[in-house]
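Order of listing sets the numbers, starting from 1, for every ligand and every atom in it.
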Amino acid sequence: MGAASGQQFLQRLDSTPREVWYGNNRLTGDVSEHPAFRGVAKSLAALYDMQLRPDLVEMMTYRSPSTGDPVGASFLQPRTVDDLWKRTSMMRVWANYSGGMMGRTADYLNSSLMAMAAGSEFFGRDGRDFAVNVQKYYEYVRENDLLLTHTLINPQSNRGVGPSKQADPFIAARVVEKSSDGVTIRGARMLATLPIADEIVVFPSTVIRSGQDDIPYSIAFALPVSAKGLKFICRESFASDSPYDHPLASRFDEQDAVVVFDDVLVPWDRVFILEDPDRANRVNEATDAVVFMAHQATVREAAKAEFMAGLVTLVAETIGADQFPQVQEKISEILLTAETMKAFLAASEASARVNRWGLLAPDYVPINSARNLWPRAAPALAVVLKQIGASGLMAIPPEEILASKARADVDKYFQAKTADAEERIRLFKLAWDAAGSSFGGRQDLYERFFFGDPVRMASAYYSWYNKEPYKERVKELLHRKDG
Ligand SMILES: Cc1cc2nc3c(=O)[nH]c(=O)nc-3n(C[C@H](O)[C@H](O)[C@H](O)COP(=O)(O)OP(=O)(O)OC[C@H]3O[C@@H](n4cnc5c(N)ncnc54)[C@H](O)[C@@H]3O)c2cc1C
């Protein structure tokens with residue numbers, strides 16, 4: 001099939017049965033028409049359509065090595081500078097579409113799967129050919145342009161002890177039994193963004209440090225979302241049907257769900273890691289999946305920082321606050337973040353190296369620095385928007401007011417230096433959606449945590465970073481014999 005169109009994506013979404021719980025309803029019928037999902041489904045469809053647009057198809061796709069058909073560029077295993085550039089360009093087009101507000105466009109997990117497939121040898125294990133499973137799964141997802149969701153972490157029941165020491169050893173998803181058909185999984189994982197995906201991949205994220213009892217939890221596999229016993233329990237939706245009132249939530253609320261595995265059978269050909277803490281702990285680094293995921297994330301983050309810079313500048317100009325030095329200073333903060341993220345990206349690409357699996361991988365030093373800086377820098381983008389938007393962020397009456405008897409008052413009192421009332425309200429609603437609404441609050445949380453716990457990430461960064469040359473320079477100065 002190759003690169004999918006928006007229509008093909010929507011048809012798949014509506015024809016795939018899945019157990020997705022939203023409140024007291026299990027979703028039935030056309031998911032693409034459900035109020036909680038129709039906005040984001042439409043946006044995802046628009047992204048797929050971009051792949052096939054005559055003016056973009058060359059950049060967004062490449063020729064499948066198996067069929068020669070165009071397939072999405074995020075599946076491309078980069079061997080050359082041009083390949084890497086193609087990946088970045090494609091990801092930037094998708095990121096710009098939502099102003100970086102959609103974290104889980106397909107390129108995020110495609111990048112991970114692409115890297116794992118290149119390093120599939122890593123998965124090989126006596127008796128079961130997990131390496132072949134990974135490679136075939138990558139080809140299957142690529143050729144059918146499937147959308148993946150994923151879940152890495154165990155439920156947040158008691159973080160003080162490992163998964164086997166929870167109140168019930170089956171709270172965290174684990175192996176129950178193995179048979180000739182496959183592996184049965186029971187328990188739950190949190191959190192999977194985008195339960196309207198086609199497939200779910202389950203990978204370990206946090207290092208499994210504990211002993212033998214935790215071995216059944218060290219697993220990796222993939223399943224169609226229609227798998228029997230697989231359930232998604234969604235949070236409240238932030239979506240809305242009004243692009244005027246909720247310009248971001250109405251389009252980009254990706255939804256997040258806790259995933260329950262009610263004795264779900266994973267066929268052997270979908271198992272990638274089984275009861276193997278060593279591989280579970282090393283898979284992301286060993287295959288460079290983390291590098292390529294972080295690369296995609298940095299592209300999106302740069303796009304988001306630029307979008308936020310544009311938004312806050314427009315807000316300031318609209319109310320004539322752009323002339324004040326402290327406002328300019330705050331906007332400069334956002335511009336600096338955008339430039340920093342782009343500089344990390346450029347540096348990582350300029351010093352890309354061929355990894356042990358033959359891929360031209362972005363340099364991990366700048367890309368790992370970007371992934372550690374972002375959870376610290378991103379929350380400030382919303383803070384600046386609030387500092388400059390101030391009470392204007394609450395002068396945002398619902399759209400209906402424009403058709404009411406109060407319209408004359410609105411036109412007079414909501415006008416601003418560079419915008420009439422309708423346009424000013426439209427802009428400030430966008431600012432509120434980005435910085436303060438339920439959607440904006442979720443964005444804040446997402447940027448802080450989507451790549452893992454920033455505290456543990458920073459601790460790992462500290463241990464990993466080669467600080468020796470810097471220490472040596474200090475020691476040399478300390479003991480320098482002048483003259
Ligand atoms: C909006 C959103 C969407 C997400 N989407 C996905 C997704 O699609 N797929 C996915 O797999 N994950 C997703 N995540 C989850 C993300 O991977 C986790 O939030 C992240 O790994 C942190 O884990 P946690 O939330 O369980 O926090 P916890 O691990 O429960 O941490 C809670 C607090 O305790 C501290 N803490 C906990 N344990 C330790 C420890 N051992 N040492 C030191 N401090 C500790 C942390 O620093 C933190 O302050 C999403 C998260 C959010 C917020």
Can you run down the ring-ring contact (aromatic ring centres under 6.0 Å, His included) pairs that involve residues 431-456, sequence neighbours left out, and say none if there aren't any?
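For residues 431-456, and leaving out neighbouring residues, the ring-ring contact (aromatic ring centres under 6.0 Å, His included) pairs sorted by first residue read Y446-F450.
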What atoms in ligand 1 come closer than 4.0 Å to a heavy atom of [X]?
X	value
T151	11 (O)
R104	5 (N), 6 (C), 7 (C), 8 (O), 9 (N)
R159	26 (O), 28 (P), 29 (O), 30 (O)
I153	15 (C), 18 (C), 21 (O), 23 (O), 24 (P), 26 (O)
T193	3 (C), 4 (C), 5 (N), 6 (C), 7 (C), 8 (O)
G452	20 (C), 21 (O)
Q156	27 (O), 28 (P), 30 (O), 32 (C)
L152	10 (C), 11 (O)

Got an N/O contact under 3.5 Å between H150 and ligand 1?
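Yes; at least one N/O pair falls below 3.5 Å.
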Of the backbone atoms (N, CA, C, O) and the side-chain heavy atoms from C-beta on, which set of [X] has a member under 4.0 Å from an atom of ligand 1: side chain, backbone, both, or neither?
X	answer
M190	neither
R189	neither
D256	side chain

Between Y461 and S369, does the side-chain hydrogen bond (donor to acceptor under 3.5 Å, both in side chains) criterion hold? Intermediate values first, please.
CA-CA 8 Å; Y461 181 82; S369 305; 2.8 Å; yes
Quick one: do [X] and [Y] make a salt bridge, cutoff under 4.0 Å?
X	Y	answer
K228	E19	no
D256	R442	yes
E349	R87	no

Evaluating non-hydrogen atoms only, which member of V202, D453, L191, T149 is closest to atom 52 (C) of ligand 1?
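Considering heavy atoms of V202, D453, L191, T149, the nearest to atom 52 (C) of ligand 1 sits in L191.
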Taking the ring of [Y] and the ring of [X], is the distance between their centroids below 6.0 Å?
X	Y	result
W268	F221	no
Y137	F272	yes
F238	F252	no

Keeping the roles fixed (side chain from W357, backbone from A286), state whether a donor-acceptor pair exists under 3.5 Å.
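Side chain of W357 to backbone of A286: a pair is present.
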